[in-house]
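In the text below, chain A, chain B and the rest are named by the order of the sequence lines, each starting its count at 1.
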Amino acid sequence: MNLLDTLNKEQREAASTITGPLLIIAGAGSGKTRVLTHRIAYLIEEEAVNPWNILAITFTNKAAGEMRERVDKMVGYGSESIWVATFHSTCVRILRRYIDRIGYDTNFTIYDTDDSKTVMKEVCKRLQYDPKQIKERALLNAISSAKNELIGPKEFALNAQGDLWSQKVADAYAEYQKTLHKSNALDFDDLLMLTVELFRSCPDVLENYQNRFQYIMVDEYQDTNTAQFELIRLLADTPEHNLCVVGDDDQSIYKFRGANIHNILDFEKTYPEAKVVKLEQNYRSTQNILSAANAVIRNNMERKDKALWSDQGEGDKIHFKAFESAYDEAEFIAGDIARKCKAERLKFGDFAVLYRTNAQSRLLEEQFVMEGMPYQVVGGVNFYSRKEIKDVLAYLKTIDNGLDDVAVRRILNVPKRGIGATTIARVQDFAAAKEISFFEALLGAEEIPGLGKGASKLVNFTTMIRAFRGKMKEYSLRELLADVLETTGYLEELKTSGEEDAEDRVENVEELVSKLAAYEESAEQPTLSGFLEEVALVADIDTVGEEGDRTLLMTLHAAKGLEFEHVYIAGMEDGLFPGYMTISSDDPSDMEEERRLAYVGITRAKKHLTLCAAQKRMIHGETQYNPISRFIREIPEDLLDRPLPEKKSRAVDEFFDDNDSLFSGFGSRSSGYGAEDGYGHRTRETVPDRAPGNGVNYGSSGTFTKAVHSYNTQKTLNGLSRKTPESRKPFIAKGVSGLSKGMPVGIKPSYDVGDRVKHIKYGEGVVTALEKREKDYQVTVSFDEAGQKIMYAGFAKLQRIE
DNA sequence: CACAGGTCTCTTTTT
DNA sequence: GAGACCTGTG
């Protein structure tokens, strides 16, 4: 049997075209990964290509891992020598070997966004920039874009002439880069830019890799930026141009990160001899879902014409639900999934909830906990950017590379060693004057003038670090980390800090310990540097495994490449999705990008798609009233299971003209609203409370999940009473800060003074007071563990217990 | 030097 | 609503 027999005609053509440039336009769900893996197998088995000569590049580690796994299954011997990696890790591997050719040390560390920010703060201080006028963030964004466009500090300065802001950026860029270089550190963008620089300035190195990578494949090509484009172009700059890129221009959603959709749109201009194959048959979704996706994406101008089709039949209509509030929306989604799982014996893992912004996960998460359902939030705060993890890693980095100033300074006084700001400033000045690193300055603490007794504290610190370094030879990595946690007293301080989430933090540190242990076991030659490097390049999506039956909650961005039987998209409102920034942008391509995101979201669903909108929700502490998303209105009505409320475009202040039809954008006849369809106000009492005590996700089987935050309503109270700032944004209800008109008074809770109640976060306690307030009941509870708390009944969601 | 409390801003998306 | 930042106090 032929290797390619199971492919359709187009797929087969794509997989068997092996010489010259090849562009595969692969619509969502068209079997792209299948084609890539078959192509690799075909190269090796039919064309006798040496696996060693194959390079396959992806964006995420997860994608790389999956590809590797699938290729392994198809290709017997030799598949391990295929180079399958992400852009960033590919660059790291190359730079570790050759970066000394362009003036860096091969033992460089990688700075994440947080670290970059710390450096930039420093730079701004040095350049005496007014933090009110010049934001680090803006500078970093400008520098990042420059790097993505392969513009180095010198070239940037040349271009900046005559423009005041650009000149400020140019100075900061130069200084920033100098600081990084001194710390022997590279940021994410450097990895790409410097690899290109290396190739350009060292033709022998480039040639070496060109010889090795005779067959190059790039996945998700629509998301490449200029640096990535150039990197690939250089590698494929051989007489044969054996370059195969796969992508879908309709799924280009990373413009904010420098992705240039023209890389894929203009592929044929770069390589006039290129062959193009379009994969339009979709094997994932029903026709109704595809028709909806097609209808939405058709509104974009900048795209290659194509239309997905399926032979799986029409399937269900698209479900549309509108709710009064974001709270109702979340309640419905969690309840609906719970109900379906129970009634139809479906698995939680068959469901995913997608949203535009990470902030939306909170309400959903709360509801999932209420329902006692297993779930995992993907994204949000990356595991490796959590404070406690960064602290511990900073110790390891300091031990590994003393030049990493950011790491050293991070932990110098963590846990507290009585080393304050003045001392640090003196060390800093000394280091700057002597042109040595911060750590080197610490080593010579006695020579630093004006330190007084502070000097001995610094000596204690450096002695400790040097002791760790000394022990590295005899220690395993695990032992080293255990020693660090013990000797520094970090874990001890964390445990006794009394902070509310101390427990979660300790768990996270323990998680890190097991990650290190796992690394040490699986790596061929485990080293501290190796571990730190691996850790620097993981994305949150990478940690989503197959195992465990739980519903995934994530942003639309994170969902790219995934598929689920049931998909819910929450927050389909103009102002949120498409976002406010997009709506007010004068660049039409911004809206196109947003629309592509909608397309990505819709095409994640295999069988059932539910689109949700809420007429009001809190954003940045303000209550916003948003109309239904234009993307929903772009879907033909006959594909939806219910008619949309009439669209009206009335001015914002007219919202409040009459109380009866307050939210005209949603249709005053209230058709389609949750309350009357029986789902919108699904009561909490109907589902047994299986919620775990402290937000640990039921059944999440070892994968890291974000802990549920407390909803301490003391803060809410402040939030509500705060004056709503004068706002220029559209769709924001001016002057309404939740407490004023139209808000119903909370229903008297089911518990009373003297009852025992249970709170998600604080555990059990006794109600000591219950008072009616303007908007809600204020309840005071004396918790067994957490002490007395005052909260609003509507928010606290207390459960009465016997 | 450490900590508590207040103010301000903010991201939309992330390797 | 939360984090970063600033300020005043012990």
What is the distance, to the nearest angstrom, from the CD atom on Gln133(A) to the C1' atom on dT9(B)?
17 Å
From CD of Glu365(A) over to P of dA2(C), roughly how many Å is that when rounded to an integer?
12 Å
dC5(C) phosphate, OP1 or OP2, under 4.0 Å from Lys121(A) side-chain N/O
yes
Name the closest nucleotide to the Thr60(A) side chain, picking from dA2(B), dT11(B), dT15(B).
dT15(B)
According to the 5.5 Å centroid and 30° plane-angle thresholds, does Phe256(A) stack upon the nucleobase of dT13(B)?
yes
Please give, in whole Å, the distance from dT12(B) P to Tyr580(A) OH?
10 Å
With a 4.0 Å cut-off on heavy atoms, is Asn148(A) in touch with a base, just the backbone sugar-phosphate, or nothing at all?
nothing
Report the distance from atom CD1 of Ile253(A) to atom C1' of dT15(B), rounded to the nearest whole Å.
13 Å
Check: Arg257(A) side chain, dT15(B) base, donor-acceptor under 3.5 Å:
no
Among dA2(B), dT14(B), dT15(B), which nucleotide sits nearest the side chain of Phe188(A)?
dT15(B)
Would you indicate which nucleotide in dT14(B), dT15(B), dA2(B) comes nearest to any side-chain atom of Arg137(A)?
dT14(B)
Pick base, sugar-phosphate or nothing for Lys416(A), based on heavy-atom distances below 4.0 Å to the nucleic acid.
sugar-phosphate
Testing the 3.5 Å rule here: is there a donor-acceptor pair between the side chains of Thr118(A) and Tyr111(A)?
no
Close side-chain approach of Gln360(A) to Thr357(A), heavy-atom, < 4.5 Å
yes
Select base, sugar-phosphate, or nothing to describe what Gly579(A) touches, counting heavy atoms under 4.0 Å on all strands.
nothing
According to a strict under-4.0 Å criterion, is His620(A) in side-chain N/O contact with OP1 or OP2 of dT12(B)?
yes
Phosphate OP1/OP2 of dT12(B) contacted by Thr582(A) side-chain N/O (<4.0 Å):
no
N/O (side chain, Arg362(A)) to phosphate O (OP1/OP2, dA2(C)) under 4.0 Å:
yes
Is there side-chain contact between Arg604(A) and Ile569(A), with at least one heavy-atom pair below 4.5 Å?
no
Identify which nucleotide among dC1(B), dA4(C), dT15(B) has an atom closest to any side-chain atom of Thr423(A), counting heavy atoms from C-beta outward.
dC1(B)
Is the terminal nitrogen or CZ of Arg257(A) (NZ for Lys, CZ for Arg) located under 6.0 angstrom from the six-membered ring centre of Tyr254(A) and within 45° of that ring's axis?
yes
N or O in side chain of Asn141(A) less than 4.0 angstrom from dT11(B) OP1/OP2:
no
Starting at atom NZ of Lys560(A), determine the distance to atom P of dT14(B), rounded to an integer number of angstrom.
12 Å
Side chain proximity check, Arg137(A) to Asn141(A), heavy atoms < 4.5 angstrom:
yes
What is the distance, to the nearest angstrom, from the CD atom on Glu220(A) to the P atom on dT15(B)?
12 Å
Return the CG to SG distance between Leu140(A) and Cys124(A), rounded to the nearest 0.5 Å.
8.0 Å
If you find the nucleotide of DNA chain B closest to Ala421(A) and the one closest to Val538(A), which residue's nucleotide is nearer the 5' end?
Ala421(A)
Please report, rounded to the nearest Å, how far the C1' atom of dT13(B) is from the CZ atom of Arg356(A).
5 Å
Considering only heavy side-chain atoms of Asn358(A), the closest of dT13(B), dC10(B), dT15(B) is dT13(B)
Roughly how many Å is it from CD1 in Ile419(A) to P in dA2(B), rounded to a whole number?
9 Å
For the residue pair Thr226(A) / Glu149(A), report whether a side-chain donor-acceptor contact shorter than 3.5 Å exists.
yes
Can you tell me how far P in dA4(C) sits from the matching atom in dT13(B), rounded to whole Å?
16 Å
Inter-nucleotide C1' distance (dT12(B), dC5(C)), Å rounded
24 Å
Specify the residue among Ala558(A) and Lys135(A) whose closest nucleotide of DNA chain B lies further upstream toward the 5′ end.
Lys135(A)
Against the side chain of Thr422(A), the closest entry in dC10(B), dT14(B), dC1(B) is dC1(B)
